[in-house]
Amino acid sequence: MTEMNENPLDLLPEVLLAASAVLGLLLGSWLPRARQWAVGLLAVVACVTGIVAASVAANEPATTAFGEAFAVDTVTGASRIVVLGGTLLVLGVSFRPLRGDPRESEFYVLVQLAALGALMMAGTQDLLLFAAAYLLASIPSYTLAGFRKDGPGTEAALKFYVVGALLGVLLLAGVTVLYAAGRATLYPMLGDALRDAPEPLVAVGAIGLLAGVLFKAGGVPAHFWVPDAVQGSSAPVAALLTTLPKIGALAALFRVGDDVFADSPLPWPALIAVLAAASMTLGNLGAFFQQDVKRLLAYSTISQVGYLLLPVAVVDRSDLAQQAFLYYLAAYTVTNLGAFAVVCALPQAHTLDDYRGLAKDRPLLAASLVICLLGLVGTPPTAVFLGKLQAFSAVFDGGYAWLAVLAAVNTVASLFYYLRWIVPAVSRGASPGLTEGDRTARVVAYAATAVSVGLGLAGGPVLDALAGPLSP
């Protein structure tokens, strides 16, 4: 029997975020409306402290906590830093729109709880803990989608919740079936047991599990909620929905593929490869003729799931998979949040044409937008370029050359709809949507753009740091 390791310091970033959320909820009940911003400041402190703690833990040997239910390894460490860094950016674009809102403190608490769920999903090695983390990441997200209580927000929250409830039930059913097949919930033990389990039972459980994970990641075929939920939500919430849950879900899928299904009778790599191809292709097709900027970015994030699934498909077939996956995860997060920060900085601009003349009116903001959008395509020297290069190399090394070719074709095709946004932004003329702006969101956009470029230029050392082992 495995000795139980119950050292809370192994989960220090998660504990800090949970403590900040609980304390923020209590403070919000006592602080006057004009000082609710203190809860947001507390959240920022928790995220910064958590990043420091995660960086220190990343230099230690890989280990497990709480009876091997939670892994503290390279995947967990990188996911912690990316999630907490992304949470900082989301908080940054939220401060000004929420200032003085009667539910300002509740918003910051919900953001932290959603981020905590993503952190737990990324590090869990147990199906039951994964199910709990999945719910923790989901329920605050439903509330955030309808936080404004207007028509579009209510519709977004309703669609998000209905689809999430259905696919969440499928995930729980999948967990139950996998437990019935393997008589275990810990990933290493379950992986050993599924080798001799009935293949139909394993297939049913895997499909149920995939349904929930793909919903959380926003991948095909569980992607239908993404465009409507993102368009109907406020811009800061849309930025959160397209990044933080995706990090935790895909990190969990990466770990499941390596620990549970690597030696199972299922054709797991082929299944993930097909889902990757479908996500990147259908996401691009859906984005081609969108006029609403948030809806365009929503379809863009569906396509990005396809690229992120490339190294997941070959997790046990290529030594490049882990570095490619974690690096791309960080690159996508900061670049996507940079694009959303521009959207947050111009709250009156909703369509592509509303950005006409941005380069003349706000040249630095236009430069940030162009760099982030071209970065999502995969243009050097941004981080996504190196991330895609690593992902393509991993799938090619893993024996899926056709998938690498399809990903390259989709990358070229995606340039079309990003250019449909860039061209008005750099053209002459002016739009009423550019008359007002959020200065804090502009600073966040500049910072995210700088990090995206800096991460791309410092790709070598970062990739070396991501080559550590998974949990023992």
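Values below: all heavy atoms of this structure, side chains included; hydrogens, waters and symmetry mates excluded.
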Throw together a table of side-chain donor-acceptor distances under 3.5 angstrom for residues 37-47, partners on residues two or more places apart or in other chains.
{"residue": "Trp37", "atom": "NE1", "partner": "Ala34", "partner atom": "O", "Å": "3.3"}

Atom pairs and distances, side-chain donor-acceptor, residues 51-59, under 3.5 Å, sequence neighbours left out:
{"residue": "Ser55", "atom": "OG", "partner": "Ile51", "partner atom": "O", "Å": "2.8"}
{"residue": "Asn59", "atom": "ND2", "partner": "Ser55", "partner atom": "O", "Å": "3.3"}

Q. Under the side chain to side chain contact (heavy atoms under 4.5 Å, CB included) criterion, do Leu17 and Leu119 qualify, and how do the steps go?
A. CA-CA 10 Å; Leu17 203 59; Leu119 289 180; 3.9 Å; yes
Q: Examine distances only and state if a side-chain atom of Thr143 and a backbone atom of Ile139 form a donor-acceptor pair shorter than 3.5 Å.
A: yes
In a table with atom names and distances, give each donor-acceptor pair under 3.5 Å that connects a side chain of residues 331-347 to protein atoms at least two apart or in another chain.
{"residue": "Tyr332", "atom": "OH", "partner": "Thr242", "partner atom": "O", "Å": "2.8"}
{"residue": "Tyr332", "atom": "OH", "partner": "Thr301", "partner atom": "OG1", "Å": "2.4"}
{"residue": "Thr333", "atom": "OG1", "partner": "Leu329", "partner atom": "O", "Å": "2.7"}
{"residue": "Thr335", "atom": "OG1", "partner": "Ala331", "partner atom": "O", "Å": "2.7"}
{"residue": "Thr335", "atom": "OG1", "partner": "Ser452", "partner atom": "OG", "Å": "3.0"}
{"residue": "Asn336", "atom": "ND2", "partner": "Thr242", "partner atom": "OG1", "Å": "3.1"}

Q | is_close_aromatic(Phe95, Tyr108), centroid dist under 6.0 Å | A |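 That pair passes the under 6.0 Å test.
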(Q) Can you list everything that forms a side chain to side chain contact (heavy atoms under 4.5 Å, CB included) with Asp259? Sequence neighbours excluded, please. (A)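 Scan of Asp259 (side chain to side chain contact (heavy atoms under 4.5 Å, CB included), adjacent residues dropped) gives Gln125, Tyr187, Arg255.
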Q. Under 30°, 30 to 60°, or over 60°: which ring-plane class applies to Trp225 and Phe160, parallel, tilted or perpendicular?
A.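 Parallel.
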**Q.** Results of side-chain hydrogen bond (donor to acceptor under 3.5 Å, both in side chains) for Gln112 - residues two or more places apart only
**A.**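 Expected list: Ser20.
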Q | Within 45° cone and under 6.0 Å: Lys216 NZ/CZ vs Tyr134 ring | A |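 Judged by the rule (NZ or CZ under 6.0 Å from the ring centre, within 45° of its axis), Lys216 counts as positioned above Tyr134.
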Q) Is the closest side-chain donor-acceptor distance between Asn410 and Tyr307 under 3.5 Å? A)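 No, Tyr307 and Asn410 have no side-chain donor paired with an acceptor closer than 3.5 Å.
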Identify each donor-acceptor pair in which a side-chain atom of residues 228-236 lies under 3.5 Å from a protein atom, sequence neighbours left out, and give them as a table.
{"residue": "Asp228", "atom": "OD1", "partner": "Arg295", "partner atom": "NH1", "Å": "3.0"}
{"residue": "Asp228", "atom": "OD1", "partner": "Arg295", "partner atom": "NH2", "Å": "3.4"}
{"residue": "Asp228", "atom": "OD2", "partner": "Lys159", "partner atom": "NZ", "Å": "3.1"}
{"residue": "Gln231", "atom": "OE1", "partner": "Arg295", "partner atom": "NH1", "Å": "2.8"}
{"residue": "Ser233", "atom": "OG", "partner": "Ala229", "partner atom": "O", "Å": "2.5"}

